[in-house]
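Have a look at the structure below, then the notes.
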Amino acid sequence: MSRERLYLFDTTLRDGAQTNGVDFTLHDKQIIAGMLDELGIDYVEGGYPGANPTDTEFFATKPKLDHARFTAFGMTRRPGRSASNDPGLAALIEAKADAICFVAKASAYQVRVALETTNEENLASIRDSVSAAKAAGREVMVDCEHFFDGYKENAEFALACARAAYESGARWVVLCDTNGGTMPHEVETIVGEVIKHIPGGNVGIHAHNDTEQAVANSLAAVRAGARQIQGTLNGLGERCGNANLCSLIPTLRLKNEFSDAFEIGVTTEKMATLMKVSRTLDDMLNRAPNRHAAYVGESAFVTKTGIHASAVMKDPHTYEHVLPELVGNHRKVLVSDQAGRSNVMAELDRAGIPYEKSDPKLARLVDELKEREAAGYAYESANASFDLLARRTLGRVPEYFRVEQFDVNVEQRYNSHGQRVTVALAVVKVDVAGERLISAAEGNGPVNALDVALRKDLGKYQKYIEGLKLIDYRVRILNGGTEAVTRVLIESEDENGDSWITVGVSPNIIDASFQALMDSVVYKLVKSGAPV
């Protein structure tokens with residue numbers, strides 16, 4: 001049975017740019033457009049030429065895309081102006097783009113209140129703008145803004161707007177749930193009515209996520225006959241975001257209801273890069289990835305409880321709806337206070353730590369994990385500290401060095417410029433193979449001073465830690481009061497760019513920090529194969 005073509009339209013660079021805290025540079029836009037093209041997206045909406053200098057420059061030269069059609073976004077001609085005398089329309093037509101996506105009101109209420117014009121003038125604006133863009137040789141689509149709310153208010157006018165776009169030559173008439181409040185059953189019903197007037201092969205859906213149903217609404221539209229989906233990477237967008245293409249793409253390819261009926265431009269091979277694409281965008285925006293995101297989140301294929309882990313080790317399908325590798329993710333079994341032998345063995349396998357299933361030390365390790373996590377340690381977040389705890393329990397971590405004493409002082413004073421500054425001084429005494437070494441260092445805080453002093457001189461092991469650096473430091477108070485217990489997580493990185501996380505717990509924040517620092521240094525020595 002032949003499958004219908006379903007088209008994916010990405011608006012990360014336009015609608016996604018309206019996300020609070022997101023600001024794309026020209027270079028960002030160029031890289032992301034290429035990444036979307038490589039993924040197999042059909043349309044890449046680059047922005048709004050004429051609206052700001054970055055977008056105007058982006059559309060001055062058409063990027064070299066192998067698959068995607070580069071699309072410019074903008075308004076239909078303004079009320080009271082002709083198509084030939086509208087600067088905004090002229091900027092769109094002059095933009096170096098394959099397609100133009102116009103936004104037009106499809107709600108009588110919005111036309112009356114927001115545009116302050118008549119329904120007839122709004123329809124004429126749609127017809128004139130589409131005709132002008134078609135005459136310029138562009139593929140044309142129209143985002144019918146507020147379509148679903150407009151349809152529920154005045155179905156005849158909303159449909160008239162959609163028909164005006166289609167009959168004037170628009171390749172796509174896109175129905176927008178602009179305020180994001182429409183329910184999936186409403187979307188399916190209304191789209192079903194629309195395709196009685198406009199072929200489904202010319203109808204698209206643009207859903208916002210204000211009720212956490214943008215993906216569901218997009219799929220509902222497809223069920224009803226729409227054949228273009230607009231969305232963004234990682235669900236970026238104003239307010240609560242847009243339909244998330246990182247969720248839609250795997251659903252369309254991996255769920256039989258859609259994969260049996262439709263084909264999309266994203267191949268199986270390219271879908272395996274989806275997690276990398278998602279993370280790359282977050283890295284560019286300096287945003288923490290959503291670890292609970294469907295398919296591509298760090299926790300999407302994580303198992304924590306012992307009975308679940310045991311089942312996953314026997315057959316992953318017991319608790320996984322798809323294989324993580326298909327989207328570039330991976331399976332992970334956490335070690336935690338809910339852990340059993342299966343969790344621990346899976347994590348030992350992942351870390352490459354040899355063990356015997358019959359070794360009684362395994363049971364001791366499980367008990368140790370539960371006791372330490374009850375005290376506040378979080379090994380599911382600290383892979384390196386788990387690795388060291390496991391190796392120590394199984395008797396496989398040498399004592400490279402021993403810290404005999406450390407001391408930290410914090411002093412506030414005036415510097416030579418008469419400025420009041422706070423300085424921390426740390427002194428660390430270590431024993432390396434019988435040799436006592438004392439190091440002192442200043443830092444901008446007690447943890448920084450300790451870190452510098454500890455790694456200042458480790459004798460014969462110094463060369464193994466030269467590339468080690470601390471890249472993140474997180475503190476959490478586990479209970480209230482003046483005797484609160486503190487958990488410290490430290491993320492470290494080596495000269496190869498590999499990173500790991502260690503944990504320390506204590507009522508004293510300096511002690512907790514030093515535990516995590518020590519684990520980080522020892523883990524680097526183990527990782528580097530340092531000799532005893």
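If you're wondering where the values come from, they're calculated on a predicted model, not measured in any experiment.
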Separation between [atom1] of [X] and [atom2] of [Y], rounded to the nearest 0.5 Å:
X	Y	atom1	atom2	result
Phe24	Asn52	CZ	CG	12.0 Å
Ile205	Asp177	CD1	CG	7.0 Å
Phe9	Cys101	CZ	SG	4.5 Å
Glu238	Thr232	CD	OG1	11.0 Å
Asp37	Asp10	CG	CG	11.5 Å
Phe258	Arg253	CZ	CZ	14.0 Å

Evaluate the side-chain proximity of [Y] to [X]: yes if any heavy-atom separation is below 4.5 Å, no if none is.
X	Y	value
Pro250	Leu274	yes
Asp15	His208	yes
Ile353	Arg391	yes
Ile501	Ile490	no
Tyr355	Asp349	yes
Val488	Phe514	no
Leu13	Glu45	no
His146	Asn179	yes

[Y] versus [X], side-chain donor and acceptor atoms under 3.5 Å:
X	Y	result
Gln412	Thr422	yes
Gln213	Thr211	yes
Glu368	Tyr377	no
Glu442	Asn448	no
Tyr473	Ser513	yes
Thr502	Asp519	no

Strictly distance-based, threshold 3.5 Å: is any side-chain N or O of Asn217 a donor or acceptor partner for the main-chain N or O of Ala214?
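Checked: no pair found.
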Ionic contact status for [Y] with [X], cut-off 4.0 Å:
X	Y	result
Lys255	Glu257	no
Arg436	Asp431	no
Asp494	Lys524	no
Lys357	Asp359	no
Glu186	Lys152	yes
Arg392	Glu399	no
Asp55	Lys29	yes
Lys429	Glu404	no

When you look at [atom1] of [X], are more than 12 heavy atoms from neighbouring residues, nucleotides or ligands closer to it than 6.0 Å?
X	atom1	answer
Arg476	CZ	no
Glu212	CD	no
Glu57	CD	no
Glu38	CD	no
Asp23	CG	no

His321 ring center within less than 6.0 Å of Tyr295 ring center
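Under 6.0 Å, so yes.
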For Tyr461 and Phe401, I'd like to know if the aromatic rings sit close, meaning centre-to-centre distance below 6.0 Å.
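Ring centroids of Tyr461 and Phe401 are no less than 6.0 Å from each other.
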Looking at [options], which one forms a side chain to side chain contact (heavy atoms under 4.5 Å, CB included) with [X]?
X	options	answer
Asp457	Val428, Ile438, Val432, Leu437	Leu437
Leu36	Val44, Val277, Leu281	Val44
Thr12	Leu236, Thr19, Asn242	Leu236

Evaluate the criterion side-chain contact (heavy atoms from CB on, under 4.5 Å) for residue pair Ser520 and Leu468; output intermediate values, then yes/no.
CA-CA 9 Å; Ser520 178; Leu468 177 64; 3.9 Å; yes
